[in-house]
Amino acid sequence: MFTNKLVLANRSLNFNSLRLYTCIVERLEKVPLVPRGEDVRKFNLKSKHFHYKLVDCLHTKKWGNVDLILTEYVEGIGHKGELVNVPRHTAYYELLPSRLAVYPTDEYLEMYKADREALVSKSKVSPYAMKTKEELSNMLLDVPMNIDSEWTLNKDHIRIALRYNKVMSTNDSIFLDESLKIDNKNWKNFNQELFVVKLKVNDYVTVDLKCRIVPLNVAKLWEEFTTFNKTI
Amino acid sequence: MSRILLPKFERVKSIGRHLPKWTDPNSIYYRLPEHYKKRQIEFLNTLPKPVHYKPSEKLYEVDHEHGVKKPIQNVPVVVLYPSQAKLGIWGGEGVVAGYKRPEQTGYKRPQYLTTKLWRPKILKMIFYSEILDQYYALTCTRRALELIEEAKGFDNYILNTHEVDLKSDIGMQLKREMLVRLAKKETDLYPNDKEKQEVIYNRYKHFVLPLEEAEWIGLKPWEAVTKLKKIEEEKLKTSIRPLKEVFAEETLQKLSSGEIDLEAAQIKSEEKSLFKRVLEENFFKKK
């Protein structure tokens, strides 16, 4: 009866009550002392004992991450037997229901002890390798070259072009095909048709990178340079 | 009138309603197994853990006016549990209903009391239980997830927590199924994979109960009564023996001991049967 009245009142009038959270509440009016040894819950509460004051709202607090042990290799997260600290959403919606991870008990820590020790001796493979492979295989790399001066395509040119797209690499990881010879005379053929450069991510993973040559826009560079000077 | 409208504590109500049934020796509640009755009394008398209020750490308070120390009383907040709470794992959370004064904003206005419902936020999750080897899509709260993390596993949380704190029908149903499966180890718990059976049985070894006790856990009183009626009916059926079987046994015993003479008992083929003699005497002779 009492609850029905409350619900109906809230539906029509009080929209603030639709907010959802776990509350901690304090009673404004004190309940009188009951005799010793008697259950407090037997006291018949009056309406003044239902006047509350909101003390704390636990739902709004930050939750943080959770520690787990992986039972299998997971891309972008870690290797088998590794202790990882992951955000809650990935833990509750991806890892735990699919049994890719478990909570770290003493039993599981011992079970995957051999796998964790074997990781040190193995060649290091980061879990982000396959993600980088996906991104690089979808990328079309523009290699900006100066048309006026004489040049032949080099590893440094591709390394710098990658750096413009925020991909850091070294000359050892880039493999140019030797039959490919691109100069300042035949560059127009490679503007339309793409050529492929191999890029090594790992000992195990390599990517075919699609590239094309683009004439360097001097005027645009000059504009950027002037605006950069003004900021300083 | 106001007393009737106000919500009361859930468990204290149920004590008053059910206590005469349990004590009366003629009623069916009296015949329930003793471990079930003991658990039910424990359920009624234990206080649940505080969820929506903070109990004070001190036991006493000083009243400076009179110079007397007063004991502090921790009165729990009344929480309402809707029907959806029984189908999920809310970790003891529920709806708190009460009155609140609005906060003062801008110019002064009269502060009337307004009704207020504080409701929990609910998430939909998928849980996997190791013992039952099955997935369950259940509603839960943030507090429940934190408690599962403390217990380190879904199965551990459900087996560890008391019925008072669990506050869900489906949770108690899972608890009962888990304990039954642990009791029927060799037939039900991974019967094809013997290695996994031992690993999981050793993991939850300290929860194991005998099968007779495990089947009764988490049953509501009316559910327990229906179960007891079924058991008593089956007992009656087995206890009542048809007289056909009883006489057959007796005769076999007499024959083996030699009380009956077989020659005397046999009907002679030359003599006429009793039925024929009666017929002849009464009907055929007259004609």
Side-chain angles (χ1 to χ4, degrees), chain A residues 1-3 5-10 13-14 16-28 30-34 36 39-59 61 63 66-67 88 91-93 96-99 102-105 107-108 111, chain B residues 2-13 15-16 45 47 50-54 70-71 73-78 80 93 95-102 113-123 125-128 135 141-143 145-146 148-149 151-154 156 199 202-203:
Chain A
M1 287 288 285
F2 175 74
T3 51
K5 274 194 172 182
L6 275 178
V7 169
L8 286 170
N10 276 320
L13 297 169
N14 212 347
N16 284 327
S17 68
L18 288 170
R19 249 187 282 159
L20 304 165
Y21 39 56
T22 61
C23 63
I24 285 179
V25 134
E26 200 178 63
R27 192 173 272 122
L28 291 173
K30 277 185 181 179
V31 177
L33 288 168
V34 295
R36 193 172 287 174
D39 199 346
V40 186
R41 294 170 291 169
K42 282 182 182 177
F43 185 81
N44 272 326
L45 296 169
K46 292 179 180 177
S47 63
K48 65 183 175 184
H49 298 128
F50 287 90
H51 295 184
Y52 293 132
K53 191 180 79 182
L54 193 91
V55 179
D56 205 353
C57 195
L58 291 175
H59 178 249
K61 281 182 182 177
W63 210 357
V66 63
D67 287 332
R88 300 263 172 182
Y92 293 137
Y93 287 95
L96 286 168
S98 59
R99 283 188 279 165
V102 287
Y103 288 108
T105 54
E107 193 187 330
Y108 283 119
M111 199 191 282
Chain B
S2 64
R3 268 186 196 176
I4 300 161
L5 295 172
L6 295 168
K8 287 176 187 177
F9 293 105
E10 195 182 349
R11 211 152 302 96
V12 178
K13 244 196 291 178
I15 287 170
N45 287 326
L47 261 171
V51 182
H52 288 291
Y53 68 99
K54 278 182 185 172
K70 281 183 176 178
Q73 208 176 43
N74 287 322
V75 187
V77 171
V78 183
L80 304 168
E93 277 186 36
V95 180
V96 178
Y99 302 108
K100 199 197 79 172
R101 286 199 189 282
L113 277 174
T114 51
T115 53
K116 175 84 182 170
L117 289 180
W118 285 280
R119 277 173 271 188
K121 188 178 183 181
I122 294 157
L123 313 163
M125 291 280 169
I126 290 168
F127 296 103
Y128 173 75
Y135 293 94
T141 54
R142 185 172 146 170
R143 183 185 153 79
L145 287 169
E146 279 169 13
I148 288 167
E149 199 192 326
K152 298 190 174 176
F154 178 70
N156 263 322
V199 169
N202 288 324
R203 199 175 288 163

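Quick note on labels: first sequence line is chain A, next is B, and so on, each numbered from 1.
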So for B:F127, is it side chain, backbone, both, or neither that comes closer than 4.5 Å to the heavy atoms of chain A?
neither
Working note: B:E149 + A:R88, criterion side chain to side chain contact (heavy atoms under 4.5 Å, CB included); need CA distance, chi angles, decisive distance, verdict.
CA-CA 11 Å; B:E149 199 192 326; A:R88 300 263 172 182; 2.8 Å; yes
Considering only heavy atoms, which portion of B:P50 lies under 4.5 Å from any heavy atom of chain A: side chain, backbone, both, or neither?
neither
Give, for atom OH of A:Y108 and atom CZ of B:R203, the distance between the pair rounded to the nearest 0.5 Å.
3.5 Å
Spacing of A:E26 atom CD and B:K54 atom NZ [to the nearest 0.5 Å]:
9.5 Å
Taking C-beta and beyond as the side chain, do B:Y128 and A:R99 meet within less than 4.5 Å on heavy atoms?
yes
Quick check on A:L28: does its CG atom have over 12 non-hydrogen neighbours (other residues, nucleotides or ligands) under 6.0 Å away?
yes
B:V51 versus chain A, heavy atoms under 4.5 Å apart: side chain, backbone, both or neither?
backbone
Closest non-hydrogen atom pair, B:Q73 against A:P32
OE1-O, 3.1 Å
Within the 4.5 Å heavy-atom criterion, are A:W63 and B:L145 side-chain neighbours or not?
yes
Min side-chain heavy-atom separation A:R41-B:L47 under 4.5 Å
yes
Side-chain heavy-atom pair A:R27, B:V75 within 4.5 angstrom cut-off:
yes
Any chance you could measure A:Y92, atom OH, to B:L123, atom CG, to the nearest 0.5 Å?
9.5 Å
Validation row: B:R143, A:T22 side chains within 4.5 angstrom (heavy atoms):
no
Decide yes or no on side chain to side chain contact (heavy atoms under 4.5 Å, CB included) for A:Y103 and B:N156, but give the supporting numbers first.
CA-CA 11 Å; A:Y103 288 108; B:N156 263 322; over 6 Å; no
Find the distance between CG (A:L58) and NZ (B:K121) and round it off to the nearest 0.5 Å.
14.0 Å
Would B:F154 and A:L96 count as a side chain to side chain contact (heavy atoms under 4.5 Å, CB included) if you check the C-alpha gap in whole Å, the side-chain angles of each, and the deciding distance to 0.1 Å?
CA-CA 10 Å; B:F154 178 70; A:L96 286 168; over 6 Å; no
